[in-house]
Amino acid sequence: MPKRNVLIGCTGSVATIKLPVLIEKLKEARSDLDIKVIVTEHALHFFKAEDILKEVQIYRDKDEWEEWQGRGDPVLHIELGKWADVMVLAPLDANSLAKIAQGLCDNLLLCTARAWDFGKPMLFCPAMNTRMWEHPITGPQIEVLKSWGMQEVPCIAKTLMCGDTGLGAMAEVSTIVERVVASLARLDDVRFSGK
């Protein structure tokens, strides 16, 4: 059976510190995965590249512009969307949530999300401070994404990095892995049945 391709998008939330563990646990759950990561510039603050498995390619905004030189060259945000079988935004911070809900796409990650083929699964894992989570705009923005077919992996309540306690923490890595693996299994079922 051919490999499955998982694209992880990380935004500027402290929950990005879990990226190395998320990658490792996905690989443990399914050894046939090829994983690539897109990070926003703010997400880079929360992990070290050397903590990521060597075979996992990490893309930044600058890669989009370095790879494209002229007409006919591949456009990275389109190519990544074509490559991926599943995309998971983990974490999806309040700023990027708001941008996606409004159709904005001012970085590589958001351009890839904007050009996504919704015939394929896209999961999103909100992560933000409780005060941001409870803001009246957050619920409607979440519903917009879900109305397009994006699948929410709901946030959880816990004591956050800032010391506040409440909803807003990214779902546990184990939960995210379960949801990604389940999405891939549904794709495998379709491939196997020939539908």
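By convention here, the first residue in the shown sequence is residue 1.
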Reference residue Leu19; test side chain to side chain contact (heavy atoms under 4.5 Å, CB included); the match among Ile58, Val37, Asp51 | Val37
Residue pair Met150 / Leu89: nearest heavy atoms and the distance that separates them = CE-CD1, 4.0 Å
Is there a donor-acceptor contact under 3.5 Å from the side chain of Asp93 to the main chain of Gly12?
-> yes
Which atom of Phe118 lies closest to which atom of Trp148, heavy atoms considered | CD2-O, 3.7 Å
Tell me, do Met128 and Thr138 make a side-chain contact under 4.5 Å, heavy atoms counted?
-> yes
Kindly indicate whether the side chain of Leu184, heavy atoms from C-beta on, has any atom under 4.5 Å from the side chain of Val6.
-> yes
Report whether Met87 and Val144 are members of the same hydrophobic cluster (ILVMFWY, side-chain heavy atoms less than 4.5 Å apart, transitive linking).
-> yes
Do Ile52 and Leu7 sit in the same hydrophobic cluster, where Ile, Leu, Val, Met, Phe, Trp and Tyr count as joined when their side-chain heavy atoms come under 4.5 Å apart?
-> no
Would you mind reporting whether Thr112 and Ile38 have side-chain heavy atoms less than 4.5 Å apart?
-> yes
Begin with the C-alpha distance, continue with both residues' side-chain angles, and end with the deciding distance and a verdict on salt bridge (Lys or Arg N to Asp or Glu O under 4.0 Å) for Asp32 and Lys3.
-> CA-CA 5 Å; Asp32 66 336; Lys3 284 194 163 200; over 6 Å; no
Begin with the C-alpha distance, continue with both residues' side-chain angles, and end with the deciding distance and a verdict on side-chain contact (heavy atoms from CB on, under 4.5 Å) for Val177 and Val180.
-> CA-CA 5 Å; Val177 169; Val180 171; 5.8 Å; no
Hey, what do you get for CZ (Arg60) to CD (Glu66), rounding to the nearest 0.5 Å?
-> 9.0 Å
What are the two closest heavy atoms between Ala113 and Met122, and how far apart are they?
-> CA-CE, 3.8 Å
Would you call Asp117-Lys82 a salt bridge at under 4.0 Å N-O?
-> no
Before giving the answer on side-chain contact (heavy atoms from CB on, under 4.5 Å), spell out for Ile156 and Glu172 the whole-Å C-alpha distance, their side-chain angles and the decisive distance to 0.1 Å.
-> CA-CA 8 Å; Ile156 58 175; Glu172 296 292 348; 3.5 Å; yes
Any side-chain heavy atom of Leu123 within less than 4.5 Å of one from Val86?
-> yes
Taking all non-hydrogen atoms of both residues, which atom of Ala43 and which atom of Thr16 are closest, and how far apart?
-> O-CG2, 3.7 Å
Atom pair CD/CG of Glu28 and Leu26 - distance to nearest 0.5 Å | 9.5 Å
In Å and rounded to the nearest 0.5 Å, what is the CD to CZ distance from Glu152 to Arg179?
-> 8.5 Å
To the nearest 0.5 Å, how far apart are CZ in Arg114 and SG in Cys111?
-> 9.0 Å
Gap between atom NZ of Lys36 and atom CD1 of Ile23 - 0.5 Å precision | 13.5 Å
Kindly check if the number of other-residue, nucleotide or ligand heavy atoms within 6.0 Å of NZ (Lys48) is above 12?
-> no
Co-membership, hydrophobic cluster, residues Met132 and Ile137, 4.5 Å side-chain = no
Heavy-atom check, side chain of Pro91 versus side chain of Pro126, under 4.5 Å | no
Straight-line distance of Asn95 CG to Leu104 CG, nearest 0.5 Å = 9.5 Å
In short, Trp83 meets Ile35 closest at the heavy-atom pair CH2-C, 4.1 Å
Within a strict 4.5 Å, meaning less than it, do heavy atoms of the Cys155 and Met170 side chains meet?
-> no
Return the set of residues passing side-chain contact (heavy atoms from CB on, under 4.5 Å) with Asp106 (not counting sequence neighbours), or none when no residue passes.
-> Lys99, Leu110
Give a yes or no on whether a salt bridge exists between Lys27 and Glu24, defined as a side-chain N under 4.0 angstrom from a carboxylate O.
-> no
Is atom CD of Glu55 surrounded by more than 12 heavy atoms (other residues, nucleotides or ligands) closer than 6.0 Å?
-> yes
Would you kindly confirm whether Leu33 and Leu53 end up in one hydrophobic cluster when ILVMFWY residues are joined by side chain heavy atoms under 4.5 Å apart?
-> yes
Heavy atoms of Asn107 and Asp61 approach each other most closely as CB-OD1, 3.3 Å
Residues Val88, Phe124; criterion side-chain contact (heavy atoms from CB on, under 4.5 Å); working and verdict = CA-CA 6 Å; Val88 57; Phe124 67 99; over 6 Å; no
May I ask you to test the Ile142-Trp133 pair for a side-chain heavy-atom distance under 4.5 Å?
-> yes
Polar side-chain atom of Glu64 near backbone of His77 as donor-acceptor pair, under 3.5 Å = yes
May I have the step-by-step check of side-chain contact (heavy atoms from CB on, under 4.5 Å) for Leu109 and Val39, ending in yes or no?
-> CA-CA 7 Å; Leu109 175 54; Val39 293; over 6 Å; no
Treating Ile, Leu, Val, Met, Phe, Trp and Tyr as nodes and any side-chain heavy-atom pair under 4.5 angstrom as an edge, say whether Val153 and Val21 lie in one connected cluster.
-> yes
Ring-face cation of Lys120 near Trp116 (centre distance under 6.0 Å, axis angle within 45°) = yes
Kindly say whether Leu97 contributes a backbone atom to a donor-acceptor pair with the side chain of Gln141 at under 3.5 angstrom?
-> no
Report yes if the side chains of Ile17 and Phe47 come closer than 4.5 Å at any heavy-atom pair, otherwise no.
-> no
